[in-house]
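To keep things clear, I will list the structure first and then write my remarks on it.
Below, each value reflects all heavy atoms present in this structure, side chains not excepted, and no hydrogens, waters or symmetry copies. Every number for a ligand or one of its atoms is a count from 1 in the order of the listing.
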Amino acid sequence: MNSESRPEVLISSNEIAATVDRLAAEIRRDYLGKDPLLLGILKGSFMFMADLIRLLDFPLEVEFVRLSSYGRGTESSGKMNVVQGLRSTVKGRDVLVVEDIVDTGLTVAYLMEYLSKKRPALLKLCALLDKPSRRRVPVSIDYIGITVPDKFLVGYGLDCDEKYRNLPDVCILEGE
Ligand code: 5GP
């Protein structure tokens, strides 16, 4: 990747930092003193999670889950996911799901339903980016960073074929 091939910046690193700051303040108000479990969805949320938890100055645990699909063609049914990697007990815990972007909503809708069946004491969702124009299932996001247009975004953890995750800004990848 060189400077010529850099996609157009939509949200600068400074704007991201200010947004993460605001979200951390909101989360702190609700989760302070609760020893929460922050559950990131891989891979896209790793950078957001790393920045967010450094602004949460109280005891917490971090875990990451991965949602993989059953196979091709299942997305349209909405039954596309298998949750992998959840090692902590969720029952009775104060859980906060941390997601990079909510698009159709299928991923988080599935995960929130899956987690709620495990009877956490508190279950909320934080998403850095929200693309509501593409929603296919209703999702209630408790902490929303920035609402984005219907464009394919890369950077700050978001990829295109595993590339661009390392960009410090959220950028628009044209032609996607
Ligand atoms: P959903 O299930 O809400 O449709 O999709 C959520 C996942 O799709 C996100 O965690 C992310 O991995 C991927 N995704 C959705 N929109 C974008 C986008 O604009 N860019 C990239 N790189 N990934 C996206």
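I101 counts as a contact of ligand 1, since one of its heavy atoms falls under 4.0 Å from the ligand. Look at G105 and you'll find a heavy atom under 4.0 Å from some atom of ligand 1.
Between the R93 side chain and the D35 main chain, a donor and an acceptor come within less than 3.5 Å of each other. When atom types are taken as modelled, the side chain of R66 and the backbone of G85 share no donor-acceptor pair closer than 3.5 angstrom. Looking only at distances, a side-chain donor or acceptor of T104 sits under 3.5 Å from a matching main-chain atom of L106. Judged purely by atom type and a 3.5 angstrom limit, D142 uses its side chain to pair as donor or acceptor with the backbone of L125. Remark: side-chain polar atoms of R22 are not paired, donor with acceptor, to backbone N or O of A18 under 3.5 angstrom.
With a 4.0 Å heavy-atom cut-off, ligand 1 is reached by no atom of R134. Residue contacts with ligand 1, taken as heavy atom pairs separated by less than 4.0 Å, do not involve R136 at all. At a 4.0 Å heavy-atom cut-off, ligand 1 touches D100 through the side chain alone.
The distance criterion of under 3.5 Å between nitrogen or oxygen atoms is not met by V108 with respect to ligand 1. Residue L153 has at least one nitrogen or oxygen atom sitting less than 3.5 Å from a nitrogen or oxygen atom of ligand 1, judged on distance alone.
A salt bridge does not link D100 with R165: none of the charged nitrogens is closer than 4.0 Å to a carboxylate oxygen.
Nearest residue to atom 16 (N) of ligand 1 from K131, K151, E99 is K131 (criterion: closest heavy atom).
Less than 4.0 angstrom separates some heavy atom of T107 from each of these atoms of ligand 1: 1 (P), 2 (O), 5 (O), 6 (C). Counting the atoms of ligand 1 from 1 in the order shown, those under 4.0 Å from a heavy atom of D159 are 21 (C), 22 (N).
Atom CZ of R28 sits in a crowded spot, with more than 12 heavy atoms from other residues, nucleotides or ligands closer than 6.0 Å.
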